[in-house]
Amino acid sequence: NVFVNAGDYTNMSGFVGSLGVGIEGAGVGLASDTNTVERDVTAIVSGSNVNATNKFEIDAESMQGISSYSLGGGMAGVVTVAELENTTKAALQNSKVNANTVIVNANHKGIVNAGNTGVGVDVVGAGIGLSVGVLKDNSETYAEVSGDNKAEDTITAAGNVKIAATNTAVAKPVIYSTGAGGFAGVAGATSINNLNSKVVTNIKDVAISSTGESISGTAQNNFEVDASMGSFAGAAVGAGAGVTVNTIGSTVQTNVSNSD
């Protein structure tokens, strides 16, 4: 077996809290937490002659997670921002390979969690609780087999040949706010989730042969948004609102050109 691997496994967590207390006046509590993870993961074999009696595999794997929690009390404002920026690439370039099984695999998974609670309480006047969560995942995942001369840049396998790029993005915001006051209570909860990804498999200028099994090139993109949110306003005059905004941008391609 011949294995070429690159991997990154990053998990980050953050917690912030604040408390403001006002008996006759106003107590103000503000909390904000921002976390960003940026990663480039690349596994490449280039200009090589590879002979493997069993398996030849190039694997780039990237797994990142952010958990961000904010708590604000008083006349409360809570903001949480969690962002993933990632490029994952597995490539076989300008090479000749003989093996039983050949795999070129790029896999990325990103999970962003946010937990926000804003509680605004004023015994005499107005209680205001505002909570905002922003989750972002911007990722690019590439699997590539390419050459510049099909007579020399070849893959010969007795078994399977698999070229695959896979992305999975998961956003799980939990956003709550409460406003309670002797006169007025105002509560607002907002969840903003932006998931943008590009997943591409390229097979170009290369000759691929398998004597008995399958040759496959795939690109796959998976999204999951699981939002839980709510707002409560209690007073002589109460107003509560909750808004979720999900934006998903996706490019998924499998390209085969000038290949046998």
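The structure displayed is predicted, hence computed values, not measured ones.
Phe3 and Val45 end up in different hydrophobic clusters when Ile, Leu, Val, Met, Phe, Trp and Tyr side chains are linked at under 4.5 Å. Two different hydrophobic clusters hold Phe223 and Val200 under the rule that ILVMFWY side chains link at heavy-atom gaps under 4.5 Å. At a threshold of 4.5 Å between side-chain heavy atoms, the hydrophobic network of Ile, Leu, Val, Met, Phe, Trp and Tyr places Val145 and Val2 in one connected group.
Between the side chain of Thr201 and the backbone N or O of Thr218, at least one donor-acceptor pair lies under 3.5 Å.
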Side chains of residues 156-167: which donor-acceptor partners sit under 3.5 Å, not counting sequence neighbours?
residue, atom, partner, partner atom, Å
Asn160, OD1, Ser214, N, 3.2
Asn160, OD1, Ser214, OG, 3.1
Asn167, OD1, His108, ND1, 2.6
Asn167, OD1, Ser139, OG, 3.2
Asn167, ND2, Asn221, OD1, 2.7

Name each donor-acceptor pair under 3.5 Å that joins a side chain in residues 97-105 to protein atoms two or more places apart or in another chain, with its distance.
residue, atom, partner, partner atom, Å
Asn105, ND2, Asp59, OD1, 2.9

Kindly list each side-chain donor-acceptor pair under 3.5 angstrom involving residues 47-57, sequence neighbours excluded, with atom names and distances?
residue, atom, partner, partner atom, Å
Ser48, OG, Ser46, O, 3.1
Asn54, ND2, Asn1, OD1, 3.0

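Applying the salt bridge (Lys or Arg N to Asp or Glu O under 4.0 Å) definition to pairs two or more places apart or across chains, those involving residues 87-105 are Lys89-Glu144. Every pair passing salt bridge (Lys or Arg N to Asp or Glu O under 4.0 Å) that includes a residue from residues 3-13 is listed here, sequence neighbours excluded: Asp8-Arg39. Under the salt bridge (Lys or Arg N to Asp or Glu O under 4.0 Å) criterion, no residue pair touches residues 98-109, with sequence neighbours excluded.
Atoms OG and CG, from Ser197 and Leu195 in turn, are 7.5 Å apart once rounded to the nearest 0.5 Å. Atom CG of Asp40 and atom OG1 of Thr87 lie 4.5 Å apart (nearest 0.5 Å). Distance check: Lys136 NZ to Thr247 OG1 gives 10.5 Å after rounding to the nearest 0.5 Å. Atom OG1 of Thr254 and atom CG of Asn202 lie 8.5 Å apart (nearest 0.5 Å).
Taking Ile, Leu, Val, Met, Phe, Trp and Tyr as members and joining any whose side-chain heavy atoms lie under 4.5 Å apart, directly or through other members, Val41 forms no hydrophobic cluster with any other residue. Hydrophobic clustering, defined by side-chain heavy atoms of Ile, Leu, Val, Met, Phe, Trp and Tyr closer than 4.5 Å, groups Tyr9 together with Met63. Side-chain heavy-atom separations under 4.5 angstrom define the hydrophobic clusters, and Ile44 shares its cluster with no other residue.
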Checklist entry - Run the side chain to side chain contact (heavy atoms under 4.5 Å, CB included) check on Leu84 and Ile66 step by step: do they pass? => result CA-CA 8 Å; Leu84 296 177; Ile66 297 178; 3.6 Å; yes
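Applying the side chain to side chain donor-acceptor pair (under 3.5 Å) rule to Gln220 yields the partners Asn222; only residues at least two apart in sequence or on another chain are considered. For Thr88, the side chain to side chain donor-acceptor pair (under 3.5 Å) partners two or more places apart in sequence, or in a different chain, are Asn86. For Glu140, the side chain to side chain donor-acceptor pair (under 3.5 Å) test picks out Tyr142, with sequence neighbours left out.
Side chains of Gln64 and Ser62: a donor-acceptor N/O pair is present below 3.5 angstrom, by distance only.
Nearest heavy-atom pair across Ala169 and Asp137 is CB-OD2, 3.6 Å. The nearest pair of heavy atoms linking Thr42 to Ala6 is O-CB, 3.3 Å. Smallest separation of non-hydrogen atoms from Asn138 and Glu85: ND2-OE2, 2.8 Å.
Shown are Ile203, Val4, Val206, Ile155; of these, the side-chain contact (heavy atoms from CB on, under 4.5 Å) with Leu92 is made only by Ile155.
A heavy-atom distance below 4.5 Å is not found between the side chains of Asn107 and Thr141.
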